[in-house]
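Everything below concerns the one structure shown next.
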Amino acid sequence: MSNFDAPSDIKTFVLSMMDEPATGSDFDTEVGNAIVLAKNDFDSRHPWYWRLKYPPGAFLTVADITNLTLTIVTAGANVAATLSATFATSLQYYKIRPTGSNWIARITAHTAGTATLTLDAAPATIAAGTACTIYQDEIQLASDLGLLVDGLWRQDGTFIEMWDLEYLLNHYPDPPVPGDTPEAFAKLDRRRIRLSHYPTDIRRYEYAYAAEEADIDVTSSTALTIPQNWRWVLAHGALYFALLMKSDKRANLFKQEYERGIEQLYAYHQKMMLGLGRLSRTPEAVPYGT
């Protein structure tokens with residue numbers, strides 16, 4: 001009986017169940033592909049407890065910059081702009097708003113220690129010496145970010161909700177307003193988020209997330225990150241996909257076993273994260289007097 005410790009163990013199991021030799025099978029490549037398909041499907045079903053990252057992700061906001069002035073000689077797309085002084089660190093991907101203007105522009109290029117910027121689009125020229133605010137309300141999170149567990153947690157324990165991007169922009173459009181603590185944030189893409197208010201000070205934020213794992217190496221003898229008592233679910237999923245590729249009528253049987261395993265794992269995941277005690281579980285609202 002295989003313990004399914006490593007991808008190579010699962011491959012051996014799948015080939016055996018397909019009545020194929022452990023080496024030299026005509027379906028060797030297809031079985032490898034089936035294991036990759038099953039692992040990707042398995043991971044996408046839920047942010048399973050073993051994928052929750054420790055320590056959680058964290059980032060620092062940066063204070064807005066208000067002690068520089070701005071000059072834009074020519075309006076248009078990809079235009080040059082000049083600050084009144086050099087800035088020590090790169091301002092690339094920050095945003096800038098000239099005082100008195102109802103628009104903002106993104107800084108698409110800036111070399112640390114210089115005063116010259118490139119802006120994505122400036123609808124008007126800006127006279128020399130015009131005050132401005134430079135800020136960063138878009139933050140890039142961890143490189144292995146899969147799914148966020150909930151939202152952001154500010155250093156003082158304040159919870160910042162995650163909203164839909166369209167909803168956020170409808171309530172907090174550009175140009176944004178400053179705020180020591182944002183009310184909410186939204187995902188811009190896989191890793192980047194936007195805050196409802198631009199930061200005015202340095203603050204620490206923490207976020208719990210499930211990591212996104214790389215594709216499985218089917219030849220590896222390294223133990224899977226999946227806990228041992230649930231590796232059989234992946235093995236049945238791989239067998240299902242492999243039998244499907246072989247047009248084997250047993251495929252549906254192992255699809256049922258795979259789906260049953262996913263359901264059992266989800267129930268176990270809930271118990272793992274919430275415990276078995278009644279008081280530790282998430283409370284539900286009930287009608288008054290019930």
Side-chain angles (χ1 to χ4, degrees), residues 57-145 148 151-152 160-203 205 207 209 212:
F59 64 87
L60 296 175
T61 56
V62 296
D64 55 341
I65 303 163
T66 58
N67 60 348
L68 299 173
T69 62
L70 177 69
T71 304
I72 302 177
V73 176
T74 304
N78 298 315
V79 298
T82 307
L83 299 174
S84 56
T86 61
F87 199 79
T89 58
S90 176
L91 296 172
Q92 187 178 28
Y93 303 131
Y94 281 57
K95 296 177 183 177
I96 189 167
R97 181 186 183 183
T99 299
S101 299
N102 64 351
W103 53 269
I104 59 100
R106 283 183 173 83
I107 301 171
T108 56
H110 174 246
T111 301
T114 68
T116 302
L117 312 171
T118 300
L119 305 181
D120 60 353
T125 60
I126 296 297
T130 300
C132 65
T133 300
I134 303 172
Y135 62 91
Q136 188 179 56
D137 64 348
E138 295 178 357
I139 311 294
Q140 185 157 289
L141 305 183
S143 60
D144 62 347
L145 180 71
L148 289 167
L152 305 177
I160 314 300
E161 296 180 3
M162 181 164 61
W163 291 359
D164 175 79
L165 179 60
E166 183 179 32
Y167 187 79
L168 183 85
L169 294 180
N170 185 51
H171 284 72
Y172 298 102
D174 284 328
V177 295
D180 180 60
T181 302
E183 180 181 356
F185 74 100
K187 291 287 293 292
L188 292 174
D189 53 34
R190 189 175 77 84
R191 294 176 55 196
R192 194 174 295 274
I193 62 172
R194 168 159 170 171
L195 306 176
S196 59
H197 299 70
Y198 71 79
T200 57
D201 209 343
I202 299 172
R203 293 287 185 271
Y205 289 84
Y207 55 97
Y209 72 98
E212 187 174 274

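Since the model is a prediction, treat every value here as computed from it, not as a measurement.
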Checklist outcome for this item: Here the pair of heavy atoms bringing A112 nearest to A88 is CB-O, 3.2 Å
Item to check | Rounded distance [0.5 Å steps], CG in D137 versus CD1 in I104 | outcome: 7.5 Å
Checklist entry - Which heavy-atom pair separates S90 from H110 by the least distance, and what is that distance? => result OG-O, 3.0 Å
Item to check | Over all atoms of both residues, closest heavy-atom pair of H197 and Y172 | outcome: CE1-CE2, 3.5 Å
Item to check | W163 and Y167 aromatic ring geometry - parallel, tilted or perpendicular at 30°/60° bounds | outcome: perpendicular
Next on the checklist: Between E212 and D144 (side chain of the first, backbone of the second, donor and acceptor by atom type, cut-off under 3.5 Å), is there such a pair?
Outcome noted: no
Checklist entry - CG of L152 to CD1 of I160: how many Å apart, nearest 0.5 Å? => result 6.5 Å
Checklist entry - Do D180 and R203 come within less than 4.5 Å of each other through their side chains, counting heavy atoms only? => result yes
Checklist outcome for this item: Tightest non-hydrogen contact, residues I72 and A122, listed as CD1-CB, 4.0 Å
Checklist entry - Hey, does L195 have a side-chain heavy atom less than 4.5 Å from the side chain of Y135? => result no
Checklist entry - Where do L145 and K187 land on the side chain to side chain contact (heavy atoms under 4.5 Å, CB included) test, with the steps shown first? => result CA-CA 12 Å; L145 180 71; K187 291 287 293 292; 4.2 Å; yes
Item to check | Between OG1 on residue T74 and CD1 on residue I126, distance to nearest 0.5 Å | outcome: 12.0 Å
Next on the checklist: Please verify the inter-ring angle class for Y207 with F59; under 30° counts as parallel, over 60° as perpendicular, anything in between as tilted.
Outcome noted: tilted
Next on the checklist: Tell me whether R106 contacts the main-chain N or O of Y93 through its side chain, where contact means a donor paired with an acceptor under 3.5 Å.
Outcome noted: no
Next on the checklist: Could you report the tightest heavy-atom contact between P199 and V62, atom names first, then the distance?
Outcome noted: CB-O, 3.6 Å
Next on the checklist: Test your reading of the model: is there a side-chain donor-acceptor pair from T61 to the backbone of D201, 3.5 Å cut-off?
Outcome noted: yes
Item to check | Chi angles and distances behind the salt bridge (Lys or Arg N to Asp or Glu O under 4.0 Å) call for D174, R194 | outcome: CA-CA 12 Å; D174 284 328; R194 168 159 170 171; 2.8 Å; yes
Checklist outcome for this item: d(I107 CD1, Q136 CD) to nearest 0.5 Å is 10.0 Å
Next on the checklist: Using a 3.5 Å distance criterion without hydrogens, assess whether the side chain of T133 forms a donor-acceptor pair with backbone atoms of R97.
Outcome noted: no
Checklist outcome for this item: When T116, I96, T69 are each screened for side chain to side chain contact (heavy atoms under 4.5 Å, CB included) with L83, the one that passes is I96
Checklist entry - Would you find a donor on one side and an acceptor on the other, under 3.5 Å apart, between the side chain of T200 and the backbone of D64? => result no
Checklist entry - Looking at CG of L168 and CG of N170, how far apart are the two atoms once the value is rounded to the nearest 0.5 Å? => result 9.5 Å
Next on the checklist: If I take atom CG from residue N78 and atom CG from residue D120, how far apart are they, to the nearest 0.5 angstrom?
Outcome noted: 7.5 Å
Checklist outcome for this item: Closest heavy-atom pair, P98 versus W103, reported as atoms and distance to 0.1 Å, is CG-CH2, 3.6 Å
Item to check | Pairwise side-chain contact, Y205 with P182, heavy-atom cut-off 4.5 Å (strictly under) | outcome: yes
Checklist entry - Is any side-chain heavy atom of I139 closer than 4.5 Å to a side-chain heavy atom of F185? => result no
Checklist entry - Where the side chain of S196 meets the backbone of E183, is there a donor-acceptor pair that is under 3.5 Å apart? => result yes
